[in-house]
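Here's the structure we're looking at; comments come further down.
Sequence lines set the chain letters: A, B, ... in the order given, protein chains first and strands last, and positions in each chain run from 1.
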Amino acid sequence: MNGIEARALEKHFGPVRALQGIDLSIEAGSLVRVAGANGAGKTTLLRILAGLERPTRGTVGLGGRDPFGRKAASVRGRIGFLGPTTALYGELTLRENLRFISSLHGLSEERTPQLLAALSLSEVGDREVRTLSQGFRRRAGLARALLTEPAWLFLDEPWNGLDRAAGEQLTHQLRAGREAGRTTLVASHAEPTGPGGVPWDRVLELESGRLRETHR
Amino acid sequence: MNGPRVALAVLRKDLLVDLRSRDRLGHMLIFAALVVVLISIVLRTSAADARGALLPLLWIAFLFTSLLGLARSFQAETEDGAWTNLILVPVDRGWVFLGKAGANLLALLVVEAWTALLAVIFLDVDWTRAPGAALLAGVLGAIGLSTLGTLLSALSASARFREFLLPILLFPLILPVLVFAADITGEAIAGRALAERSAGALALYDWVFLLIGYLGFDSLVEA
Amino acid sequence: MEEALRYAGVGLVATAALTWLAADEARAIRSARVAGVLALALLALWFGAVIWVAPIERAQGIVQKIFYVHVPCAPVAYLGFVMTAVGGIGFLWRRDAHWDRVAISSAEVGVLFCTLILVTGPIWAKPVWNHWWVWDLRLTSTLVLWFIYAAYLFLRTLSSGTDEARAFASIYGILGTAAIPFVFFAVDLAQGKTLHPSNPAREGLPASMLVPLLLGFVAFACVFWYLFARRLEVAKLEARQS
Amino acid sequence: MSYLVAAYTITAAALLGYAFWLRRKRRELLDRSNRSGGGPA
């Protein structure tokens, strides 16, 4: 059961209460949208669930394991995260970046070319990431997050900066991920438009650090 | 064991970024030359002085030069938001620290060799009297500096005054390395036997701080 | 060397006692009153002993009595530094901000006493050896430690209130304490090469000098305990405020 | 003699000064928390 649980999650930045007690349980393989205005705490929630930032209080469970616990290494390897930046090294080419991530996770050689093709990034593969356009850079960031075939995928405003074609590919990837049993959490303040829309299993409404679930 | 694989991947990546951007190492080499020349001119050295007061000054020159490189250890991660790559690794993050420290070590060794060469040219220092001891001091000194420098630059990478912070944090802690290394090289140049006490203390120092770095880094990245 | 071992032994006991006290924050804070009363009583005894019991030293004269305020500052300063590492390890291990408050409190009080060592030292050296600074082993090492823990306090001022800042400070506190033996050894090695008047050996002290000194150690320990408990309370109140 | 007096007065001043600073900070924080409804330590 590698769903996502959180119990009484709180996160304080000094006097600022970014999260004020979040409890949630998400079944494995579901595609969940985290909605909410700017400053509602979407990014903080995602970063904590993805094991990037410790909560001030409360616990996180990915497949029942705490990403901040002693034996969290095995869990961490199967987490994918895409934030506002691509998290890639500007001086290196896209292929070099992905090869670096692959060697961190011991992935096989074909994974990189396969993913570049899937996201139609092959032709820019050998250009330094800092020379790529905003749209290509966003797609490159998505490629990095998907590279390790994560069991839990966290995307923070992934549609920002994507053109229509790239948006469609993202929606396609989300659908494919859902079939493959991946648990995905996507934070986006606006409902992403585009043909067919996104088959959300659930939508969580976040408002100033608290959860208000809207519909199933 | 995939820990060392991760460390190696981080090391290779850092060296590739260094080669590709070429400025970090270049700056350090120019800066080192500048400092050595400055010392030589301002202190109106003669060959005789070189062995006496000047040699420890070389270590101070090397320390200041290393600051340039160490301060930028995590620049890419901080600016490009690439910390995620180093946090979400399927191993203990201490290996990431060792990879980073390794990349810094190689850069420091290059700068160290360069400084030694400058010493030969400008200060007539004769390293051949005890090359083994000089090498030992160089390697152990560079390890101590890269270990502490990497850990402290991770600490100060996101802080506001990080240009000030790194030297303030580093200098008092690195003092023993300078003393031990300067002692070993001093004895080596003077042709006397190896300063075992300093060599032993320096090796122990490196080991202790490598261990603290390895253990501490894990709870540092996802604070 | 043997003196260093005795020093370390006493230090270990004191650290263990303070760690036990600090483990329960509420109790530690409440203990401030007791510590205060004890400190005042012992300070009175100590000061009386310095005036009436301690002799006028033949060689240096009355100014030698600075010895009874200068030397007792050292153990409590080092106790503060070691407790900073204990607080740091506690925080990193348990992620409980309480241990971090222990670290900041002990560091601050430790630096206060360390500063006093570095002030009273030169005040004593000037009339006796006619220069302000003496590159003696203890004084020089204490100076280096002062820089380490001043850097620790500087690091804390940059970004407080977040767990990240606490973890950073914890690690630096641990590094600082791990460096203490190396600093002493390095300074001994570096200074050993130049001759300096060493501190008067403490063992051969007559009773009339030993009594005020030991009273000084105990009195200053209680002062440390009192200030530490009060500072811990302030840290707790600040935490509850934000 | 003046050195002796200086050493002791500086030490006393530093310790007392710090103790009173703490006392004032404590009272300040307690008042603020009482006003905003928090209980005393």
Exercise. Using non-hydrogen atoms only, which part of B:Ala182 is less than 4.5 Å away from chain C: side chain, backbone, both, or neither?
Worked result: neither

For this session: Among the options C:Phe147, C:Tyr172, C:Phe185, C:Phe184, pick out the one with the most heavy-atom pairs lying under 4.5 Å from chain B.
Result: C:Tyr172

Seminar exercise, completed: Honestly, the part of B:Tyr205 sitting under 4.5 Å from a heavy atom of chain C is both

For this session: Would you sort out whether C:Phe182 and B:Leu204 count as a side-chain contact (heavy atoms from CB on, under 4.5 Å), showing the intermediate values?
Result: CA-CA 9 Å; C:Phe182 291 103; B:Leu204 180 64; 3.9 Å; yes

Exercise. Rounded to the nearest 0.5 Å, what separation is found between the CG atom of C:Leu175 and the CG atom of B:Leu152?
Worked result: 6.0 Å

Exercise. Would one find more than 12 heavy atoms of other residues, nucleotides or ligands at under 6.0 Å from atom CZ of B:Arg197?
Worked result: no

For this session: Could you pull out the closest heavy-atom pair between C:Ala179 and B:Leu173, with the gap in Å?
Result: CB-CD2, 3.6 Å

Seminar exercise, completed: Whatever's closer than 4.5 Å to a heavy atom in chain B on C:Leu92 counts as side chain

For this session: Name the region of B:Leu178, side chain, backbone, both or neither, that has any atom closer than 4.5 Å to a heavy atom of chain C.
Result: neither

Problem set entry | Shortest non-hydrogen separation from B:Ser219 to C:Ile171 and the atoms involved | OG-CD1, 4.4 Å

For this session: State whether the number of non-hydrogen atoms from other residues, nucleotides or ligands found under 6.0 Å of C:Arg94 atom CZ is greater than 12.
Result: no

Problem set entry | Engaged part of B:Leu148 at the chain C interface, taking heavy atoms whose separation is under 4.5 Å | side chain

Problem set entry | Within 6.0 Å of CH2 in B:Trp83, more than 12 heavy atoms from elsewhere | yes

Seminar exercise, completed: Most heavy-atom pairs under 4.5 Å with chain C, out of B:Phe180, B:Phe171, B:Phe164, belong to B:Phe180

For this session: Go through the atoms of C:Leu158 and report whether side chain, backbone, both or neither lie under 4.5 Å from a heavy atom of chain B.
Result: both

Exercise. If you look at every heavy atom in C:Val144 and B:Pro172, which pair is closest and at what distance?
Worked result: CG1-O, 3.8 Å

Problem set entry | Flag if over 12 foreign heavy atoms under 6.0 Å of CH2, C:Trp93 | no

Exercise. Looking only at heavy atoms, what is the nearest atom pair of B:Pro176 and C:Ala186, with distance?
Worked result: CA-CB, 3.7 Å

Exercise. Which bit of B:Ile212 is near chain C, if near means a heavy-atom gap under 4.5 Å: side chain, backbone, both or neither?
Worked result: side chain

Problem set entry | Nearest-0.5 Å distance, CD1 of residue C:Ile89 to CG of residue B:Leu215 | 10.5 Å

